[in-house]
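Input: a single structure, listed below in structure tokens.
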Protein chains: 2
Amino acid sequence: MNLGNKHEPTTCQLIGDVLARVGDKWTVFVVRLLADGPMRFNALKRAVDGISQRMLTLTLRGLERDGLVTRTVFPTVPPRVDYALTDLGQTLITMLQGLGAWAIEHRPTIVAARDAYDARRE
Amino acid sequence: MNLGNKHEPTTCQLIGDVLARVGDKWTVFVVRLLADGPMRFNALKRAVDGISQRMLTLTLRGLERDGLVTRTVFPTVPPRVDYALTDLGQTLITMLQGLGAWAIEHRPTIVAARDAYDARRE
DNA sequence: CGGTATCCAGGAAGATACTG
DNA sequence: CAGTATCTTCCTGGATACCG
């Protein structure tokens with residue numbers, strides 16, 4: 001960890017923070033789903049293929065903590081909990097679209113470079 | 001958007017790939033430094049505070065493999081190896097600037113949300 | 001239904017030592 | 001100088017079981 005002695009974080013470190021938040025295994029999927037509207041816990045669990053209950057909980061807690069997602073409990077029986085993006089969370093969508101566009105545009109190049117590299121080393 | 005198709009990668013998964021590449025602990029720092037021009041191995045090591053030789057090597061190999069960075073060996077004594085961004089690597093810079101702008105703009109909000117959350121749970 | 005609590009395996013990353 | 005090799009430690013995430 002390199003938070004040095006400077007009092008102001010560098011842009012690099014800020015980017016690092018964002019990526020630490022958004023760059024984990026599941027966050028993008030969850031945020032993307034919530035972009036279309038609020039969802040219940042098990043709806044998310046079903047929609048995000050392969051996620052464990054534990055990881056969904058952790059992901060949602062992290063997003064909630066950073067003010068990107070709200071958690072609303074309806075005290076019914078059986079209980080119901082809705083998750084929804086906050087305004088701040090919505091702004092994330094735009095950024096993710098940027099990432100998505102870049103990914104779509106350059107993926108063929110990257111795959112080709114990867115294959116070439118692997119062939120060279122094989 | 002449709003997420004059900006399992007045969008072609010969804011945008012979400014593409015974004016996930018990008019984040020897996022760029023979202024690790026050191027990549028952003030290295031790319032940011034190379035944005036200003038080529039650098040030698042030890043220059044990078046000195047500039048990226050706290051990185052181990054091992055992790056710098058791994059980071060650079062990964063970037064090289066994906067065609068984001070070139071590795072040029074000068075067969076001098078002592079040896080000299082320059083790393084530089086490729087054109088593809090340059091396009092990453094723009095994206096990182098987007099992330100940086102988002103981070104700078106919303107960081108206060110996130111920190112506040114985090115503090116509020118922690119206070120609530122404390 | 002919507003979680004927690006607990007255990008465990010596997011990979012990521014640090015420290016250190018050695019090499020062309 | 002620019003790495004590789006090895007060891008170890010730490011953390012992430014999966015599986016499972018249980019609770020309000």
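Quick note on labels: first sequence line is chain A, next is B, and so on, each numbered from 1.
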Footprint string (nucleotides 4-20 of chain D, 5' to 3'): B base within contact, S backbone only, - free, heavy atoms under 4.0 Å: B-B------BBB----B
Salt-bridge criterion met for A/D118 and A/R120 (N-O under 4.0 Å): no
Global bending angle along the helix from C/dC1-D/dG20 to C/dG20-D/dC1, which compares the axes of five pairs at either end, to 10 degrees: 50°
From CA spacing to verdict: side-chain contact (heavy atoms from CB on, under 4.5 Å), B/L34, B/L44: CA-CA 9 Å; B/L34 293 179; B/L44 283 167; 4.1 Å; yes
Worked check of side-chain contact (heavy atoms from CB on, under 4.5 Å) between A/V31 and A/L68: CA-CA 9 Å; A/V31 169; A/L68 298 165; over 6 Å; no
Exam field: side chain B/E105 to backbone B/W102, donor-acceptor pair closer than 3.5 Å: no
Spacing between B/L56 atom CG and C/dA12 atom P, to the nearest angstrom: 17 Å
Heavy-atom donor-acceptor pair, B/T27 side chain to B/D24 backbone, under 3.5 Å: no
Gap between atoms CG and P, on B/D82 and D/dA2 respectively (whole Å): 8 Å
Phosphate-side-chain proximity, B/Y83 and D/dC1, N/O vs OP1/OP2 below 4.0 Å: no
CZ-CZ distance between A/R61 and A/R71, expressed to the nearest 0.5 angstrom: 4.5 Å
Spacing of B/R80 atom CZ relative to D/dA2 atom P, expressed in whole Å: 9 Å
B/T11 side chain to A/G100 backbone, donor-acceptor under 3.5 Å: no
Value in whole Å for how far the P atom of C/dG3 lies from CE of A/M39: 15 Å
Distance in angstrom units between A/E64 CD and C/dG3 C1', rounded: 13 Å
Presence of A/R71 side-chain N/O under 4.0 Å of C/dG3 phosphate oxygens OP1/OP2: yes
Under-4.0 Å salt bridge between A/D17 and B/R107: yes
